[in-house]
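Encoded as structure tokens, the structure appears first; notes follow it.
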Amino acid sequence: MAALAVRLLGSARSPGQAFNPQWLATIAVDVVAFSALQFLQGGNINYTPLFALPILLAAVLGTLPLAMGTAATVTLLLLTDAWWMSVAMPADTTPRFLQAALTGSGLFIVALLAHQLAVRLTREEALAQRHAAEARIQTRVNQLVIENLNDGVLVVDSQGRVRAANPAARHLVDGDLPARRTPTKLTDEGAWKPLAQLADMTFAQGSMPTTDVDLDFAGLPSVYLKVRTQLAAAGTEGTGNLCVMFLQDRRDVEARVREEKLAAMGRMSAAVAHEIRNPLAAVAQANALLEEDLDSPARHQLTRMIRHNTERLARIVDEILDVARVEHLNTGNGGTAVTLDEAIQVISADWIHQNPQAMRLDLRLTGGPIRARFDADHLRRVLINLLDNARRYAAHAEPIELSTVVGGVGHPELRVWSDGPPLEQAVRRHLFEPFFSSQSRSSGLGLYICRELCERHQAHITYDRTARKPFGQPTWGNEFCVRFEPADVHEHAAPTGARPSAPT
């Protein structure tokens with residue numbers, strides 16, 4: 001009845017240092033019940049061992065004072081029973097008191113040892129729970145890291161079955177299959193055969209160095225990978241080792257290497273440009289002074305050649321230094337806005353004035369009063385670079401077309417079109433990279449500077465091969481399109497007439 005009452009009415013809470021009334025319905029009831037059996041026994045049955053149950057309960061679930069107090073209570077009851085029996089039968093006094101004393105001493109020892117064992121078990125259980133929680137957190141962190149890796153991770157067993165694959169690995173090995181799926185076995189698809197062979201070699205020889213692997217899918221583009229493999233213990237009985245494959249897109253690796261080389265080249269070029277600038281200015285000044293004292297037309301022609309070449313070298317030096325300036329531009333002027341059509345009219349007029357021998361420029365401004373989130377000086381640099389590029393590569397049969405439109409979702413667009421031959425695929429792939437040009441007399445920095453300036457204002461510059469119909473017949477040409485972010489109403493418009501001292 002006491003157990004049923006505790007089950008139905010008691011609350012599930014751990015015992016504390018203070019007295020808990022629930023112990024009255026557990027330990028006290030047991031002690032009273034076993035004492036009644038001991039005092040009221042009618043035969044030779046000894047109920048003393050039953051007292052170990054409430055002592056163990058107090059020692060395991062309670063505090064040490066509670067366990068020792070319970071043992072002391074039971075010892076006093078046993079001594080009281082021995083005294084009561086000695087009054088009834090005086091001849092057996094000594095053995096009864098001795099038995100009660102030895103039993104009480106044993107109960108004290110049981111209470112102490114049981115409590116110490118319970119404390120140690122509780123401490124180890126708490127430590128195990130903490131370690132289990134840390135292991136779960138670490139496992140989850142590892143899963144998140146692996147899932148968000150740009151490199152693919154593929155885990156394969158000795159039978160070629162794929163045990164695990166992160167999203168990057170699934171993206172790399174599916175090869176744009178019509179039904180994107182996680183490979184369950186490397187022999188399921190013929191294109192995965194090189195990976196299966198590499199896994200077999202890894203199981204036979206151990207870890208393999210980085211290897212180039214081509215996955216050729218029927219009717220689909222091939223996938224070019226760099227694969228590094230390593231054996232890992234499975235940690236499960238009977239599973240054996242696992243082959244862990246680290247996959248990288250070879251094109252991405254080559255692009256990163258190329259960017260690192262270009263960055264190093266840019267730093268070196270900037271340093272060289274700084275060293276060249278002062279001697280070049282001295283040469284230009286000396287040539288100007290020399291030209292004032294010459295009378296011979298032939299010698300004037302030589303000085304003009306010197307002046308033209310020093311000016312070209314100065315432009316190249318300025319472009320190289322512009323790259324360093326662009327890389328350190330402050331992007332905190334996100335509130336600057338420019339009225340696109342007005343600014344383009346001013347910049348294009350300046351470009352025509354500075355290039356009187358240039359081909360005709362056809363303006364088609366339909367953007368109206370829409371404003372773009374861009375800096376006026378940076379817009380000048382981008383537009384002049386695009387116009388110079390159009391003039392340089394045009395076939396000069398049609399005028400350069402400069403237009404503005406409002407694209408989707410209210411994004412204003414600037415387009416510069418010129419006729420000319422199409423760009424080769426190799427040229428298009430590296431079009432916006434620094435120091436890349438299809439002409440030997442160009443520094444290859446103009447389009448790179450345009451891209452960097454656009455990215456710093458959340459704009460996008462693209463190239464496409466498009467056609468125009470100025471006289472009814474379509475004429476194909478090269479078009480560069482800059483798509484701007486629309487300016488917010490609270491952004492202040494930059495003055496459209498603002499211009500640097502000299503265009504780049």
Side-chain angles (χ1 to χ4, degrees), residues 7 10-18 20 22 57 59-64 114-175 177 179-186 188 192 195-196 198-199 202-203 206-211 213 215 223 225-253 255-256 259-260:
R7 176 66 181 86
S11 60
R13 57 182 180 179
S14 302
Q17 297 294 335
N20 190 341
Q22 292 190 77
L57 182 63
V60 171
L61 299 180
T63 60
L64 182 59
H115 181 74
Q116 295 298 327
L117 291 175
V119 169
R120 177 174 296 183
L121 179 61
T122 303
R123 186 168 58 248
E124 292 180 353
E125 182 180 4
L127 184 62
Q129 291 177 350
R130 185 167 65 251
H131 288 171
E134 292 175 355
R136 287 193 297 269
I137 294 174
Q138 187 63 43
T139 301
R140 181 56 182 160
V141 170
N142 292 341
Q143 291 176 349
L144 290 175
V145 171
I146 292 175
E147 289 176 359
N148 290 278
L149 278 177
N150 293 328
D151 297 342
V153 179
L154 201 66
V155 182
V156 185
D157 62 13
S158 58
Q159 304 300 321
R161 293 188 296 268
V162 176
R163 295 302 186 91
N166 68 340
R170 291 193 291 268
H171 176 74
L172 289 172
V173 302
D174 69 3
L177 292 174
R180 298 176 68 91
R181 58 193 177 94
T182 302
T184 57
K185 201 170 184 180
L186 292 181
D188 293 343
W192 297 334
L195 293 177
L198 189 59
T202 302
F203 283 114
S207 60
M208 298 287 293
T210 302
T211 306
V213 174
L215 306 184
V223 178
L225 302 176
K226 282 187 175 293
V227 184
R228 178 173 58 88
T229 61
Q230 189 171 351
L231 289 180
T236 306
E237 291 292 337
T239 304
N241 291 332
L242 296 175
C243 175
V244 182
M245 294 185 171
F246 301 94
L247 313 177
Q248 291 180 305
D249 192 329
R250 204 154 67 226
R251 293 168 298 183
D252 293 341
V253 175
R256 286 196 295 268
E259 288 178 0
E260 292 175 358

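Numbers here simply count residues along the sequence, with the first being 1.
One distance of note links CZ of Arg136 with CD of Glu134; it measures 10.5 Å at 0.5 Å rounding. In this structure, SG on Cys243 lies 12.5 Å from CZ on Arg163, to the nearest 0.5 angstrom. Between Asp157 atom CG and Lys185 atom NZ the span is 8.5 Å, to the nearest 0.5 Å. The CD atom of Glu124 lies 8.0 Å from the CG atom of Leu127; values are rounded to the nearest 0.5 Å. Between atom OG1 of residue Thr210 and atom CD of residue Gln248 there is a gap of 7.5 Å, rounded to the nearest 0.5 Å. In this structure, CZ in Arg228 is found 10.5 Å from CG in Leu247, a value given to the nearest 0.5 Å.
The shortest heavy-atom contact between Ala118 and Ala59 is CB-O, 4.1 Å. Taking all atoms of both residues into account, the shortest heavy-atom contact from Ala169 to Leu154 is CB-CD1, 4.3 Å. Taking each heavy atom of Arg250 and Leu225 in turn, the nearest pair found is NH1-O, 3.1 Å.
For the side-chain contact (heavy atoms from CB on, under 4.5 Å) with Phe203, the lone residue among Thr229, Leu231, Leu242 that qualifies is Leu231. Under the side-chain contact (heavy atoms from CB on, under 4.5 Å) test applied with Leu198, the options Val156, Leu186, Thr211 reduce to a single match, Thr211.
Distance alone, capped at 3.5 Å, is enough to place a donor-acceptor pair between the Asn166 side chain and the Asp151 backbone. Side-chain N or O atoms of Arg170 include one that pairs as donor or acceptor with a backbone N or O of Ala165 at under 3.5 Å.
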